[in-house]
Amino acid sequence: MASAAPTQKMQKEATCSICLEYLTEPVTIDCGHNFCRACITQCCEQREPESGTKFPCPQCRALFQKGKLRPNTQLANIVEELKQLGLKPGKAQQENLCETHEEKLKLFCEEDQTPICVVCDKSKEHRAHTVVPIEEAAQEYRRKVKNKRETIAGEFNKLHKLLREEEQLLLQRLEEEERETLQRLQENVTKLSRQSSSLQQLITEIEEKCQQTAAELLKDVKSTLTRSQSMKLQEPEAISTELKNVYKISLDMKEMLKRFWVDVTLDPDTAHPKLVLSEDRKRVRLGDTRQDLPDNPERFDTDPCVLGAEGFPGGRRYWEVEVGDKPEWALGVCRESVSRKGQVTLTPEDGYWAVWLREGKYKALTSSWTPLPVSVRPSRVGIFLDYEAGEVSFYNVTDRSQLFTFTDTFSGTLRPYFCPGLSAGGKNAAPLIICPVPAQAGGNLCP
């Protein structure tokens, strides 16, 4: 039995690359490619000739004379044989072809994010673009999808963990509320029991007196009446059976993180001399001149950065920073023990876990910096430190998405890190602003 490969080759040769059907009145042009007579004629009518009366071949771009279309009777016979065998045109083999040049899409243009053929690669449209083999681009895409899947899975695991803790906290509060309610109800029952006993005793005494003679009845009647009039029944305290702690559990990570929100302030003793801090130590910007400040060991002397006054030796902490439209900034956490003198290297190996915006690009400052795909520009950034889990997560508060999560093993005290960036010709004068703790946040619940 003949193999399928020759048959597929025949199908391909017998298929018009313009209509993707079997050739009808097949004709051959100067370069040797074959087309339906009607298809190649219509193609010429829809295009302008490139040189005199010559048109480009739809497949290889070689020029040919419209009037020199040679009938290909041998190919016409092959088409008839294929039709008699009941074989369909080789459309499947024509998939993934360039719509313009009818060539296979073997390359990927990174600038236009689209697959192209080798002819497209040589065209003016893509000549200056970065082009890679399509399989290489596909592997990179698969890698991105895998990383995104792992990131999403990590976020859901973190959310589930917080939800379980929230559940335990809610159940604990419900149990406390239940105990308080039952205790107050029991106190009401005790009071009512005492009143009932006193009332029953008085009723018995009155009934006994009613059986006495008139003289005996009237002897102590004044005392009995006085006691009955003075006895007032105390109404039991109204106790609502509705629960006070009505929780609205939301799958919003920010809402969950509010439990760990802490009040962060800036430490002026660590601030670079060109940095200007507000009186409440909630804002920092780069000034025009270097201030005359003591060169204490804690102070950064080269890079324009400052640390938070609060140190975190463990637990979970969350805070947010307003970055607005600043074109440059860096945020994160660092070890308290980092050197403050000389050029700072922002990598985990040097004790920094940070992200930044510079030259219009967002990056996580890993050992080899990691580009961050940001679809919505964040005007506010959230930082969540989970010390025991070894994680520092950054969130785009603007669209409630995650930017990046560092995973490491922490030791010693960590402190918030802030860098408002360089002046960028005066375009980066706005300050970084530490956002206040919301009234409903449970910052004091941090473990």
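All of these numbers come straight from a predicted model, not from anything done at the bench. Hydrogens, waters and symmetry mates are skipped; everything else that's a heavy atom, side chains included, is used.
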Walk me through whether Cys305 and Tyr417 qualify under side-chain contact (heavy atoms from CB on, under 4.5 Å).
CA-CA 7 Å; Cys305 44; Tyr417 168 84; 3.5 Å; yes
Does any part of the side chain of [Y], heavy atoms only, come nearer than 4.5 Å to the side chain of [X], both counted from C-beta?
X      : Y      : value
Thr265 : Lys282 : yes
Trp261 : Pro438 : yes
Val374 : Leu403 : yes
Leu365 : Tyr352 : no
Pro115 : Ile134 : yes
Pro371 : Lys361 : no
Leu346 : Val344 : yes
Glu110 : Val132 : yes

Taking only Lys NZ, Arg NE, NH1 and NH2, and the carboxylate oxygens of Asp or Glu, determine whether [X] and [Y] approach each other closer than 4.0 Å.
X      : Y      : value
Lys427 : Asp325 : no
Lys274 : Asp288 : no
Asp121 : Arg127 : no
Glu135 : Arg142 : yes

Begin with the C-alpha distance, continue with both residues' side-chain angles, and end with the deciding distance and a verdict on side-chain hydrogen bond (donor to acceptor under 3.5 Å, both in side chains) for Gln59 and Ser17.
CA-CA 8 Å; Gln59 283 190 245; Ser17 61; 3.1 Å; yes
Check for me whether Arg340 meets the cation-pi criterion with Phe300, that is, NZ or CZ under 6.0 Å from the six-membered ring centre and within 45 degrees of the ring axis.
yes
Tell me if a side-chain donor or acceptor on [X] pairs with a main-chain N or O of [Y] at a distance below 3.5 Å.
X      : Y      : result
Glu111 : Thr130 : yes
Asp386 : Val392 : no
Asp301 : Gly342 : yes
Gln291 : Leu275 : yes
Glu388 : Gly315 : yes
Thr413 : Glu336 : no
Lys341 : Arg299 : yes

Do [X] and [Y] have side-chain atoms, one donor and one acceptor, less than 3.5 Å apart?
X      : Y      : result
Gln343 : Asp303 : yes
Asp112 : Thr114 : no
Glu21  : Thr15  : no
Ser367 : Thr347 : no

Interatomic distance, Leu357 atom CG to Tyr362 atom OH [nearest 0.5 angstrom]:
4.5 Å
To the nearest 0.5 Å, atom CD of Glu391 lies from atom OG1 of Thr407 at 5.0 Å
Looking at Phe384 versus Tyr395, is the centre-to-centre ring distance below 6.0 Å?
no
Ring centroid separation Phe394 to Phe404 under 6.0 Å
no
Chi angles and distances behind the side-chain contact (heavy atoms from CB on, under 4.5 Å) call for Arg316, Arg259
CA-CA 9 Å; Arg316 295 169 177 159; Arg259 288 180 51 205; 5.6 Å; no
CA sep, side-chain torsions, deciding dist, call: Asp350, Arg335, salt bridge (Lys or Arg N to Asp or Glu O under 4.0 Å):
CA-CA 9 Å; Asp350 294 282; Arg335 291 195 190 98; over 6 Å; no
Is it the case that over 12 heavy atoms from other parts of the model lie below 6.0 angstrom from the CD atom of Glu359?
no
Worked check of side-chain contact (heavy atoms from CB on, under 4.5 Å) between Val321 and Ile433
CA-CA 6 Å; Val321 181; Ile433 305 172; 5.9 Å; no
List the steps, then state whether side-chain contact (heavy atoms from CB on, under 4.5 Å) holds for Glu328 with Leu422.
CA-CA 7 Å; Glu328 287 190 17; Leu422 301 178; 3.9 Å; yes
Determine the sole option in Phe260, Trp353, Phe410 for which the ring-ring contact (aromatic ring centres under 6.0 Å, His included) test with Tyr387 is passed.
Phe410
Report the C-alpha separation of Trp319 and Phe312 in whole Å, then their side-chain angles, then the decisive distance to 0.1 Å, and conclude whether the ring-ring contact (aromatic ring centres under 6.0 Å, His included) test is met.
CA-CA 13 Å; Trp319 62 97; Phe312 306 135; 5.7 Å; yes
